[in-house]
Protein chains: 2
Amino acid sequence: MSKCMALLSGLWTPELVWCLSNGPRRFSELRRDNPTITAKVLTGRLRDLEARGVLERNVLATSPPSVEYALTSLGRELLPAITSIVEVGSRLLLREASGKASEGVQPEQANMRTAPKRPSQQRTDLDAQME
Amino acid sequence: MSKCMALLSGLWTPELVWCLSNGPRRFSELRRDNPTITAKVLTGRLRDLEARGVLERNVLATSPPSVEYALTSLGRELLPAITSIVEVGSRLLLREASGKASEGVQPEQANMRTAPKRPSQQRTDLDAQME
DNA sequence: CAGTATCCTTGCGGATACTG
DNA sequence: CAGTATCCGCAAGGATACTG
C-alpha cells in the first residue's frame with residue numbers, strides 16, 4: 001500500500017512525471033520546466049523513478065552529449081490516477097479558499113453505555129475491486 | 001500540482017484513507033488496523049486529513065466517549081485514484097521481484113552536432129484533459 | 001477511550017562548488 | 001551539457017510517559 005504510493009513520493013516527483021507526460025525530455029529541459037529545482041534533487045528523483053521502472057534514461061551520442069528521459073508504458077499508466085487526484089485536490093483547495101461552509105454539528109444520541117463493536121476489518125471493498 | 005498530491009502525503013496517510021473506505025471507524029479501531037502506528041502520528045494524520053476536508057471527526061456521547069472518523073464525499077472520490085496507483089504499483093513491484101527483463105540498449109545515431117530543440121512546454125496533454 | 005506532551009533521531013531537500 | 005561532491009538545517013516520525 002504505502003510501498004505503491006511511494007512511487008510518487010518525494011518532492012518534485014509528480015511534477016516530473018507530469019512534464020514527461022507528452023513526450024521525452026532532456027535534463028536541461030526539465031530544469032527549465034521547474035526553475036527552482038536543484039541539479040542534485042533532479043538527478044535524485046530521476047534516478048529513483050528510473051529504478052522504480054516509471055521512466056527510462058537514454059543517452060544520445062550528440063556533441064555535447066544529451067540525455068533523454070521518457071515515461072515507460074507503466075509510467076504512462078500512472079497519469080490518469082494523477083489527474084484524478086489533482087482533480088479532487090483542486091476542488092478541496094477551492095473549498096478552503098472560499099470559507100469552509102457547514103461546520104456540521106449533529107446532536108448525536110447520548111447515554112448509550114458502550115460503543116458498538118465492529119469487526120477488525122480483514123477485507124475492504126477496495127480489495128474486492130482489485131480482483 | 002504538488003499541493004494536490006500533498007493530500008495523500010505523510011506516512012500512513014494512504015492506509016488510513018483505505019481503512020475508512022468501507023465505513024466510519026473509531027480511533028482505537030484504526031490503531032488495531034495498523035498495529036505499529038503511534039498514537040501521536042495517528043492523531044496527526046487524522047487532524048491533517050480533517051483539515052484538508054478528506055474526512056470528518058464525529059464525537060459520540062457514549063461512556064466512555066468514542067470518536068468516529070468517516071470519509072467525506074470528496075474523500076471518497078480519492079479512492080479510485082488510489083486504487084489505480086496501487087494497481088500500477090503492484091505490477092511495478094512484481095517486475096522488480098522477478099529479475100528486471102530487457103535492459104534495452106538501442107544504438108542511437110552518433111555524430112549529430114547539436115541536440116534537437118524542443119519548445120519550453122507551456123501546456124501538456126494533461127492540461128487539455130483537465131478542461 | 002482518545003488523546004497530549006517531550007525528547008530525540010533520521011534523512012530529505014536546499015545551497016554551493018566542482019567535473020568529464 | 002549533465003551531472004557529482006559536501007555541508008547543513010529543519011521538520012517528520014518514532015519512543016515513552018502522562019491525562020480527562
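Note that the structure is predicted; figures quoted are calculated from it, not measured. Chain letters run A, B, ... following the sequence lines, proteins first, then strands; residues in each count from 1.
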How close or far is atom [atom2] of [N] from atom [atom1] of [X], stated in whole angstroms?
{"X": "A:Asn58", "N": "D:dA2", "atom1": "CG", "atom2": "P", "value": "13 Å"}
{"X": "A:Leu46", "N": "D:dT4", "atom1": "CG", "atom2": "P", "value": "10 Å"}
{"X": "B:Leu42", "N": "C:dT4", "atom1": "CG", "atom2": "C1'", "value": "13 Å"}
{"X": "A:Arg47", "N": "D:dA5", "atom1": "CZ", "atom2": "P", "value": "11 Å"}
{"X": "A:Leu30", "N": "D:dC1", "atom1": "CG", "atom2": "C1'", "value": "13 Å"}
{"X": "A:Phe27", "N": "D:dC1", "atom1": "CZ", "atom2": "P", "value": "10 Å"}

Can you check whether [Y]'s main-chain N or O pairs, donor with acceptor, with [X]'s side chain at less than 3.5 Å?
{"X": "A:Arg91", "Y": "B:Leu74", "answer": "no"}
{"X": "A:Arg52", "Y": "A:Ala6", "answer": "yes"}
{"X": "B:Ser84", "Y": "B:Pro80", "answer": "yes"}
{"X": "B:Arg45", "Y": "B:Gly10", "answer": "no"}
{"X": "B:Glu29", "Y": "B:Arg26", "answer": "yes"}

Base partner of C:dT19, which must satisfy Watson-Crick or wobble distances under 3.5 Å: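 Partner of C:dT19: D:dA2.
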Assigned partner base of C:dG14, Watson-Crick or wobble definition, under 3.5 Å: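 In the structure as shown, C:dG14 has D:dC7 as its Watson-Crick or wobble partner.
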[X] side chain: which of [options] is closest?
{"X": "B:Ala39", "options": "C:dT4, C:dA2, D:dT4", "answer": "C:dT4"}
{"X": "A:Ser66", "options": "D:dC1, D:dG3, C:dG14", "answer": "D:dC1"}
{"X": "B:Arg45", "options": "C:dG13, D:dG13, D:dG14", "answer": "D:dG13"}
{"X": "B:Val41", "options": "D:dG13, C:dA2, D:dT6", "answer": "D:dG13"}

Within the structure, does a side-chain N or O atom of [X] lie under 4.0 Å from either OP1 or OP2 of [N]?
{"X": "A:Arg31", "N": "D:dA2", "result": "no"}
{"X": "B:Arg26", "N": "C:dA2", "result": "yes"}
{"X": "B:Arg32", "N": "C:dC1", "result": "yes"}
{"X": "B:Ser28", "N": "C:dC1", "result": "yes"}
{"X": "B:Arg25", "N": "C:dA2", "result": "no"}
{"X": "A:Arg57", "N": "D:dA2", "result": "no"}

Any side-chain heavy-atom pair of A:Met1 and B:Trp18 under 4.5 Å: yes
Side-chain heavy-atom pair B:Leu46, B:Leu30 within 4.5 angstrom cut-off: yes
DNA chain D-proximal residues of residues 5-15 of chain B, any heavy atom under 4.0 Å: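 Result for residues 5-15 of chain B: B:Gly10, B:Leu11, B:Trp12, sorted by number.
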Residue closer to the 5' end of DNA chain D, B:Thr36 versus A:Glu29 (nearest nucleotide): A:Glu29
N/O donor-acceptor pair, side chain A:Lys40 with base D:dG3, under 3.5 angstrom: no
Shortest non-hydrogen contact from A:Ile85 toward B:Ile85: CD1-CD1, 3.9 Å
